[in-house]
Amino acid sequence: MKRSYEYQRRHDCIVSILREATGKREVILNDGGSHADFATTQAFVEAKGLKQSPLQWATGFVKQYADQIASQAGATVEAKGPYINFHLDETYLPAALAEAVKAGYGTLPKSDERVVIEHTSANPNGPLHVGHIRNSIIGDTLVRCFRTTGKKVEVQYYVNDMGRQIAIVVYGFDHLDTGALPDEKPDHHIARVYIAANRALEQDPSVVDEVNQLMQKVELGVPDVVRRFRSAVGRCLEGFEVTMHRLSVSHDRFVWESEFIRNGDTDRLFGRIKRIPEYREDGKVWIDLTAEGFEKEYVLRRSDGTSVYAARDLAYHIWKARNFDRMIDVLGADHKLIGAQLIATLRLLGEKFPEIVHFEFVSLPEGSMSTRAGKFVSADELMDEVTMKAYDEVTSRRSDLDEDSRRRIAHSVAIAAIRYDIVKVSPEKSTVFDWKEALNFERQSGPYIQYAHARACSILEKAGDFDFAFELKTPHELLLARHVARFPAVIEDVVNELKPHLLAAYARELADHFNAFYHFDPVLQSEGMSRRSRLTLVLAVRNTLSEALGNLGIDAIRTM
RNA sequence: GGGCGUGUGGCCUAGUCAGGACAGGGCGUCAGCCUCCUAAGCUGAAUGUCGGGGGUUCAAAUCCCCCCACGCCCGCCA
């Protein structure tokens, strides 16, 4: 299990020594915080079984393993009472910094593992709003981190192009469309049509019949209806792509749900599913998942013979399972039940199943968002507002820059603010959208981290050429270098735990440490070995910040 | 009614899965810092029943039970 970076190598080495000492596979090795590089409370656990005091065990461990820990992990070990602390030796930080100054710090060698990550997949019935882009940003950050760890990633958008909501949109275009407004994006236009059609639906029951007929016709493949669905959905997706491109989010493939009807996959699924014992047919077709802990019938086909979303979703995942080693879906919390049912059914079929990252909802101060009711803050509107604010900020700070540069910086700053604001919160937390937070460019914001990076760039530019040196002395230098050394492990944590917010926290801490460092330890004014060491450290930090920002989908701008 | 998730100073949030050494940050408030590498910065101060109550443990924000509040889900919708 050889890994390529210094921090992890030493960490893993200590872990294996702890395993040897305890005879256990699961051992405790934590980050040592301010008092050590690593620490363990293993003594408490071991002492219990051996009728020793934790203190005795800790002391015994240190006595027996100190030499091995020194020679293999390059660390000294001490028992601080029952706590065991590990301090990495003086070769550690120079070795780690030598890695950090190289381009691509944190990346791992290419592997053949094929991963498909599905994210966003919003229904094409209106523009992406701040809830949808939580999905996009979590998904896109995962994509970037997976690619950094060498995985072959394909990013997919699953297009729900045959649902009731699209039928409503098509109905609206047939009867209620008044055309796009000047400069209106197609997705925003579709939202207006969708809202109007929903209003008609509420007022006139006969509209329901027409919508139902549209849905049946599209499943049967009636050419004219299929064409109208495709056209509406396609136009909405064009709008989405503009929005996502602006947010630095991209997909490799848009997979249309209706494909799984047209290509026969859904029919083949029904053929297979008949053979599992949980299959039920009583007019409708459904799966009995009570043994898996689901009370409700998991319906796959209506009694009128048409398939429901769940069936097409199963067909989609079976197709993904055939083509990829690992599947990751980023879905809203409203999909928890359907996601669990999907997984349960795939298991019954003996297929690979996806790992699902669920995120809780973003609501507005006045309540939950609704495309149908027209109650949402669109991603486009958000980016417009934040970009304007960013432009004002840049203009007031940097009147020396030309218009074009200020526009470019404002764009990067705005996207940084939005992406960071969203990705920093752990996905299981539901949030209320707050304009004040979105427009804040101070600490714990994307721009704050960009700023630290720009400062580092500025220092290096002024410094000119220098030779690397690795003599770190001050507390700020040491703290900063230790943090730099952890970066590759953070990327791995994000990928292993599917938690992009860990990277957001890391990048912010790195910026904090860097700010403290250059405030107290002058770089350009220092001389000799100290100056060269500090410049090397600044280079390592700049590189690490740049890599971290890149993985967060934020531009690492050199000036701002 | 059942399931899932969340509840951490006035507000937002990390830490909870793998229990341990003073619960980290930020916003806001107050007091300071631009003859000094970009003040989107830095320093200091005040502010906490970690929703409530039981329990397990040498040790609980973290594990178990009960309760409360909020969000989401429970369709032959997607």
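Within every chain, numbering begins at 1; the chains are lettered A, B, ... in the order of the sequence lines, protein sequences first and strands thereafter.
Residues passing the side-chain hydrogen bond (donor to acceptor under 3.5 Å, both in side chains) test with A:R302 are A:T306, sequence neighbours excluded. A:A58 pairs by the side-chain contact (heavy atoms from CB on, under 4.5 Å) definition with A:A43, A:A79, A:I84, not counting sequence neighbours. Here A:H35 pairs with nothing under the side-chain hydrogen bond (donor to acceptor under 3.5 Å, both in side chains) rule; sequence neighbours left out. Take A:K24 and apply the side-chain hydrogen bond (donor to acceptor under 3.5 Å, both in side chains) test, not counting sequence neighbours, and it matches A:E46. With sequence neighbours excluded, the residues satisfying side-chain contact (heavy atoms from CB on, under 4.5 Å) with A:S412 are A:Q450, A:D555, A:I557.
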Restricting to nitrogen or oxygen on both sides, can you table the protein-nucleotides 42-46 of chain B pairs closer than 3.5 Å?
from, atom 1, to, atom 2, distance (Å)
B:rC42, OP1, A:Y448, OH, 3.4
B:rC42, OP1, A:N515, ND2, 3.4
B:rC42, OP2, A:R443, NH1, 3.4
B:rC42, O2', A:H519, ND1, 3.3
B:rC42, O2', A:H519, NE2, 2.6

Could you list the protein-to-nucleotides 74-78 of chain B atom pairs, N/O on both sides, closer than 3.5 Å?
from, atom 1, to, atom 2, distance (Å)
B:rC74, O2', A:K296, NZ, 3.2
B:rG75, OP2, A:K296, NZ, 3.3
B:rC76, O3', A:R302, NE, 3.4
B:rC76, O2, A:S303, N, 2.9
B:rC76, O2, A:S303, OG, 2.9
B:rC76, N3, A:S303, OG, 2.6
B:rC77, OP2, A:R302, NE, 2.4
B:rC77, OP2, A:R302, NH2, 2.9
B:rC77, O3', A:R302, NH2, 3.3
B:rA78, OP1, A:R302, NH2, 2.8
B:rA78, OP2, A:Y309, N, 2.9
B:rA78, O2', A:N123, OD1, 3.0
B:rA78, O2', A:N123, ND2, 3.3

Can you give me the N/O atom pairs linking the protein to nucleotides 50-52 of chain B at distances under 3.5 Å, or say none if there are none?
none

Close N/O contacts between protein and nucleotides 56-65 of chain B (under 3.5 Å):
none

Heteroatom pairs (N/O) under 3.5 angstrom, protein to nucleotides 11-14 of chain B:
from, atom 1, to, atom 2, distance (Å)
B:rA14, OP1, A:S426, N, 3.1
B:rA14, OP1, A:S426, OG, 2.3
B:rA14, OP2, A:K429, NZ, 2.6

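By the 6.0 Å and 45° rule, A:R301 stacks over the aromatic ring of A:F270. Geometric assessment of A:R531 against the ring of A:F466 yields a negative cation-pi assignment under the 6.0 Å and 45° thresholds.
Rounded to a whole angstrom, the distance from the C1' atom of B:rA14 to that of B:rA23 is 10 Å. For the C1' atoms, the distance linking B:rU49 with B:rA31 amounts to 30 Å, nearest Å. B:rC64 and B:rG5: their P atoms are spaced 11 Å apart (whole Å). Of the C1' atoms belonging to B:rC58 and B:rG41, the separation is 46 Å, rounded to the nearest Å.
Here B:rU57 sits opposite no nucleotide as a Watson-Crick or G-U wobble pair (both hydrogen-bonding atom distances under 3.5 Å). The partner of B:rG7 is B:rC68, by the rule that a Watson-Crick or G-U pair needs both atom distances under 3.5 Å. Taking a pair to require two hydrogen-bonding distances under 3.5 Å in either a Watson-Crick or a G-U wobble arrangement, B:rG44 pairs with B:rC30. For B:rG1, the paired base is B:rC74 (Watson-Crick or G-U wobble, both distances below 3.5 Å).
A:F44 and A:Y83 have perpendicular rings, their planes meeting at more than 60° on a 0 to 90° scale where under 30° would count as parallel. The aromatic rings of A:Y309 and A:H335 lie perpendicular to each other, with more than 60° between the two planes, well past the 30° mark.
In this structure, A:Y83 does not pack face-to-face on the six-membered ring of B:rG20, missing the 5.5 Å centre cutoff or the 30° plane limit.
Between the side chains of A:S121 and A:E118, at least one donor N or O lies within less than 3.5 Å of an accepting N or O. Judged by distance alone, the side chains of A:T266 and A:R312 never bring a donor and an acceptor atom under 3.5 Å apart. A donor-acceptor contact under 3.5 angstrom links the side chains of A:D521 and A:T474, judged on distance only.
Counting any heavy atom pair closer than 4.0 Å across all strands shown, A:V413 reaches a base atom. Looking at heavy-atom distances under 4.0 Å, A:N85 makes contact with a base. Among the atoms of the strands shown, none is found under 4.0 Å from any heavy atom of A:V432.
The side chain of A:R508 approaches B:rG24 more closely than any other nucleotide in the set B:rC4, B:rG24, B:rA21. Looking at the side chain of A:A39, the nearest of the listed nucleotides B:rA21, B:rG28, B:rG20 is B:rA21.
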Show every donor-acceptor pair shorter than 3.5 Å between a side-chain atom in residues 431-443 of chain A and any protein atom, with sequence neighbours excluded, or say none if there are none.
from, atom 1, to, atom 2, distance (Å)
A:D434, OD1, A:K436, N, 2.9
A:N440, OD1, A:E442, N, 2.9
A:R443, NH2, A:D512, OD1, 3.4

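For the pair A:A43 and A:A333, nearest-nucleotide mapping onto RNA chain B gives the more 5' position to A:A43.
Checked against a 6.0 Å centroid threshold, the rings of A:H11 and A:F38 count as neighbours.
Atom CZ of A:F359 is separated from atom C1' of B:rC73 by 14 Å (rounded to the nearest Å). The distance between atom CD1 of A:I28 and atom C1' of B:rC17, rounded to the nearest whole Å, is 14 Å. The CG atom of A:N30 sits 11 Å away from the P atom of B:rC17 (whole-angstrom rounding).
Near RNA chain B, defined here as any heavy-atom distance below 4.0 Å, the residues from residues 451-464 of chain A are A:Y451, A:A454, A:R455, A:S458, A:I459, A:K462, listed numerically.
The side-chain heavy atoms of A:I554 and A:Y420, taken from C-beta on, include a pair separated by under 4.5 Å. In this structure, A:E297 and A:K284 have side chains that are in contact, with non-hydrogen atoms separated by less than 4.5 Å.
For B:rC4, the base adopts the anti conformation, since its glycosidic angle falls more than 90 degrees from zero.
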